[in-house]
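Working notes, structure below.
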Amino acid sequence: MFDQLSDQLKHTFRNLRGRGRLSEDNIAQAMREVRIALLEADVSLEITREFVARVKARALGREVSASLSPGQAVIGVVKSELVELMGEANDALDLAAPPPVVILLAGLQGAGKTTTTGKLAHHLTQRHRKTVLVAGVDVHRPAAAEQLRLLCDAAGARFFDAAASPADPVAIATAALAEARRSAADALLIDTAGRQHIDAQLMDEIRRIHHAAGPHETLFVADSMSGQDAVNSARAFDRALALTGVVLTKTDGDARGGAALSIRQATGKPIKFLGVGEGLGALEAFHPERVASRILGMGDVLTLVEEAERKVDKQKAEKMAAKMAGGRAFDLEDFRDQLLQMEQMGGMAALLEKLPGLDRLPQQARARAMGRTDGKKTARTIAIINAMTPHERRFPAVLRGSRKRRIAKGAGRPVQEVNQLLKQFMQMQKMMKKMNKKGGMKQLLAQMQRGGPVPPFRA
């Protein structure tokens with residue numbers, strides 16, 4: 001997300017770094033470039049004008065310290081204004097109300113409401129240790145209830161079976177609320193039906209559901225890739241329901257980010273979550289300051305640390321650290337474990353984009369680092385390793401022609417991919433040896449900055 005905007009802003013700031021001081025002329029030139037970058041990111045013209053005017057006024061005013069370089073000064077002002085534009089601080093779900101806390105999800109068809117309902121159920125059960133009941137009131141879409149049931153099973157939430165209720169969304173919501181109270185559930189999630197576009201029938205139905213359920217939180221689920229259409233839809237739903245927040249979905253596929261930059265300013269409603277992938281755990285709390293840091297190439301170490309705390313298997317990590325400290329070789333079982341841990345954290349690209357300084361790597365090295373893996377390639381790599389015997393994983397040197405052919409057949413992949421994996425594993429093994437030596441990590445980072453090899457995570 002924000003790749004396009006981020007690249008253009010970094011280019012603008014690099015040009016400013018060569019200036020000896022800030023002047024009205026070079027600020028005006030920089031602001032023209034910022035304006036173009038925001039418009040190309042699908043931020044509305046009105047919001048772009050206001051943003052650029054505020055940045056320009058502050059950059060030319062007393063707030064810029066004389067000790068800062070022009071590039072640093074403008075970056076600081078832009079970051080501060082980006083944070084203010086997106087909401088200043090994380091606005092978490094209000095779970096302090098008497099149970100059951102009713103959370104209603106609304107939005108257009110295809111925005112990802114049902115998937116988001118499952119992710120939110122997972123978020124509440126796993127991170128907040130809440131008992132959750134989930135009800136689907138979409139009586140229009142075939143198989144909607146079954147999809148929601150499967151998501152609830154995976155998330156550890158209870159699914160409200162509406163089979164005994166009339167095929168009426170309001171009646172289902174009322175019955176689900178009664179069941180949540182009877183079973184002393186901490187939270188009730190209500191997944192509503194969507195339409196291809198906003199119409200009177202949709203708004204009337206969702207108003208009646210809202211009135212019957214009396215939700216404490218009403219979240220608008222918006223497809224981030226629809227840009228200003230998502231902003232306009234949020235305005236229309238807010239007029240009907242009085243929204244309490246927004247969830248932006250599909251942000252991992254959105255290179256522009258206009259909806260995230262516009263929706264708070266346009267509607268006055270905070271973005272509460274970002275959908276950052278397909279898995280149930282791919283729901284990220286929205287922190288404006290952290291997102292602004294990512295846009296400007298400063299990384300997001302806090303989110304990375306929080307994800308590591310939640311998702312990394314500490315016992316396996318400690319076991320591998322002890323193994324490496326004891327001088328034992330990094331093997332294919334370790335490699336597989338690292339790939340699995342990385343996928344838990346969203347993959348290599350998601351991890352790297354949260355690290356500060358990636359933009360300072362040479363373009364070729366950065367492209368190699370960001371393009372090392374995707375979910376399908378990682379799955380193929382893991383399948384190849386799983387097709388090996390434990391002995392082969394621990395002692396890869398024994399792998400020769402006949403063994404490679406057997407492994408390829410077992411994994412359903414060509415022999416060439418087995419050879420590629422082993423070649424890349426040997427490079428990884430050498431890198432791990434370097435990292436294990438004193439000063440190894442420092443040397444590795446210096447090598448990457450020179451455009452040298454980076455860790456191979458490609459199938």
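The chain is numbered in sequence order, starting from 1.
- Contact annotation: the side chain of Val83 never approaches that of Ser80 to less than 4.5 Å [non-hydrogen atoms, C-beta and beyond].
- Rounded to the nearest 0.5 angstrom, Asn90 CG and Met86 CE are separated by 12.5 Å.
- Residues Val134 and Val132 have side chains in contact (heavy-atom distance under 4.5 Å, counting atoms from C-beta outward).
- In this structure, Asp91 pairs ionically with Lys272, as a charged nitrogen and a carboxylate oxygen lie closer than 4.0 Å.
- Thr131 places no side-chain N or O within donor-acceptor distance of the main-chain N or O of Ala185, the cut-off being under 3.5 Å.
- Within the 4.5 Å cutoff, the side chain of Glu146 has heavy atoms near those of the Leu150 side chain.
- In this structure, Thr174 contributes its side chain and Ala212 its backbone to no donor-acceptor pair below 3.5 Å.
- The distance from atom CG of Leu38 to atom CD of Glu40, rounded to the nearest 0.5 Å, is 10.0 Å.
- Summarising the local packing, NE2 of His140 is surrounded by more than 12 heavy atoms from other residues, nucleotides or ligands at distances under 6.0 Å.
- Between Arg207 and His211, every side-chain heavy-atom pair lies at or beyond the 4.5 Å cut-off.
- Residues Val139 and Asp168 approach most closely at CG1-N, 4.5 Å, considering heavy atoms.
- In terms of modelled atom types and a separation under 3.5 Å, the side chain of Ser226 and the main chain of Asp229 share no donor-acceptor contact.
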Test side-chain contact (heavy atoms from CB on, under 4.5 Å) applied to Ile190 and Thr192, step by step:
CA-CA 6 Å; Ile190 300 177; Thr192 62; 4.3 Å; yes
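- Within 6.0 Å of CD on Gln126 lie more than 12 heavy atoms contributed by other residues, nucleotides or ligands.
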Where do Phe159 and Asp153 land on the side-chain contact (heavy atoms from CB on, under 4.5 Å) test, with the steps shown first?
CA-CA 8 Å; Phe159 174 72; Asp153 289 344; 5.7 Å; no
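- Using a distance-only test at 3.5 Å, with no hydrogens or angles considered, a donor-acceptor pair links the side chain of Thr249 to the main chain of Ala111.
- Two residues are said to be in side-chain contact when any heavy atoms from C-beta on lie closer than 4.5 Å; Ile47 and Leu261 fail this criterion.
- For the pair Leu39 and Leu45, the tightest heavy-atom approach, listed with the atom from each and the gap, is CD2-CA, 3.9 Å.
- Defined by atom type and a distance below 3.5 Å, a donor-acceptor pair is missing between the side-chain atoms of Thr381 and Arg336.
- Of the possible donor and acceptor atoms, none in the side chain of Asp204 sits under 3.5 Å from a partner among the backbone N and O of Gln201.
- Gly87 and Pro288 get closest at one heavy-atom pair: C-CG, 4.0 Å.
- For the residue pair Ala259 and Ser224, the shortest heavy atom distance occurs at CB-O, 4.0 Å.
- Each of Thr115, Thr116, Thr114 was evaluated against Asp191; a single residue qualifies, Thr114, per the side chain to side chain donor-acceptor pair (under 3.5 Å) test.
- Between Leu85 and Arg54, the shortest heavy-atom contact is CD1-NH2, 4.3 Å.
- Between Asp223 and Lys250 there is a salt bridge, since a side-chain N of the basic residue sits under 4.0 Å from a carboxylate O of the acidic one.
- Side chain of Thr125 to backbone of Gly156: no donor-acceptor contact under 3.5 angstrom is found.
- Between the SG atom of Cys152 and the CG atom of Asp161 there is a distance of 11.0 Å, given to the nearest 0.5 Å.
- In this structure, Glu278 does not pair ionically with Lys119, as no charged nitrogen and carboxylate oxygen lie closer than 4.0 Å.
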What do the steps show when you test Glu392 against Arg406 for salt bridge (Lys or Arg N to Asp or Glu O under 4.0 Å), and what is the final call?
CA-CA 12 Å; Glu392 289 167 342; Arg406 189 204 78 242; 2.7 Å; yes
Run the side-chain contact (heavy atoms from CB on, under 4.5 Å) test on Phe220 and Leu241 for me, step by step, so that the C-alpha distance in whole Å, both residues' side-chain angles and the decisive distance to 0.1 Å come before the verdict.
CA-CA 10 Å; Phe220 178 71; Leu241 301 176; over 6 Å; no
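- Counted by atom type alone, His210 and Glu205 present zero donor-acceptor pairs between their side chains at under 3.5 Å.
- Separating the CG atom in Leu177 from the CD1 atom in Ile172 is a distance of 14.0 Å, to the nearest 0.5 Å.
- Between the side chain of Arg393 and the backbone N or O of Ile385 there is at least one donor-acceptor pair closer than 3.5 Å.
- In this structure, the side chains of Thr267 and Leu243 stay at 4.5 Å or more apart for every pair of heavy atoms.
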Donor-acceptor list for residues 99-110 side chains, cut-off 3.5 Å, not counting sequence neighbours:
residue : atom : partner : partner atom : Å
Gln109  : OE1  : Gln196  : NE2          : 3.4

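- The pair Lys269-Asp238 counts as a salt bridge, with a side-chain nitrogen and a carboxylate oxygen less than 4.0 angstrom apart.
- Interatomic distance, Asp186 CG to Leu124 CG, rounded to the nearest 0.5 Å: 9.0 Å.
- When every heavy atom of Leu82 is checked against every heavy atom of Ala292, the shortest pair comes out as CB-CB, 4.0 Å.
- Taking the six-membered ring for Trp and the full ring otherwise, the centers of Phe273 and Phe286 sit at least 6.0 Å from each other.
- Within the 4.5 Å cutoff, the side chain of Leu148 has heavy atoms near those of the Thr117 side chain.
- Here Gln228 pairs with Ser262 under the side chain to side chain donor-acceptor pair (under 3.5 Å) rule; sequence neighbours left out.
- Taken from CZ in Arg158 to CG in Leu188, the straight-line distance is 10.0 Å, to the nearest 0.5 Å.
- Under a 3.5 Å cut-off, the side chain of Glu217 and the backbone N or O of Asp94 do form a donor-acceptor pair.
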Which is it for Leu219 and Leu93 under the side-chain contact (heavy atoms from CB on, under 4.5 Å) test, yes or no, and what are the steps along the way?
CA-CA 10 Å; Leu219 304 179; Leu93 288 175; 4.1 Å; yes
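- Looking at Val43 and Phe51, their side chains never come closer than 4.5 Å, going by heavy atoms from C-beta outward.
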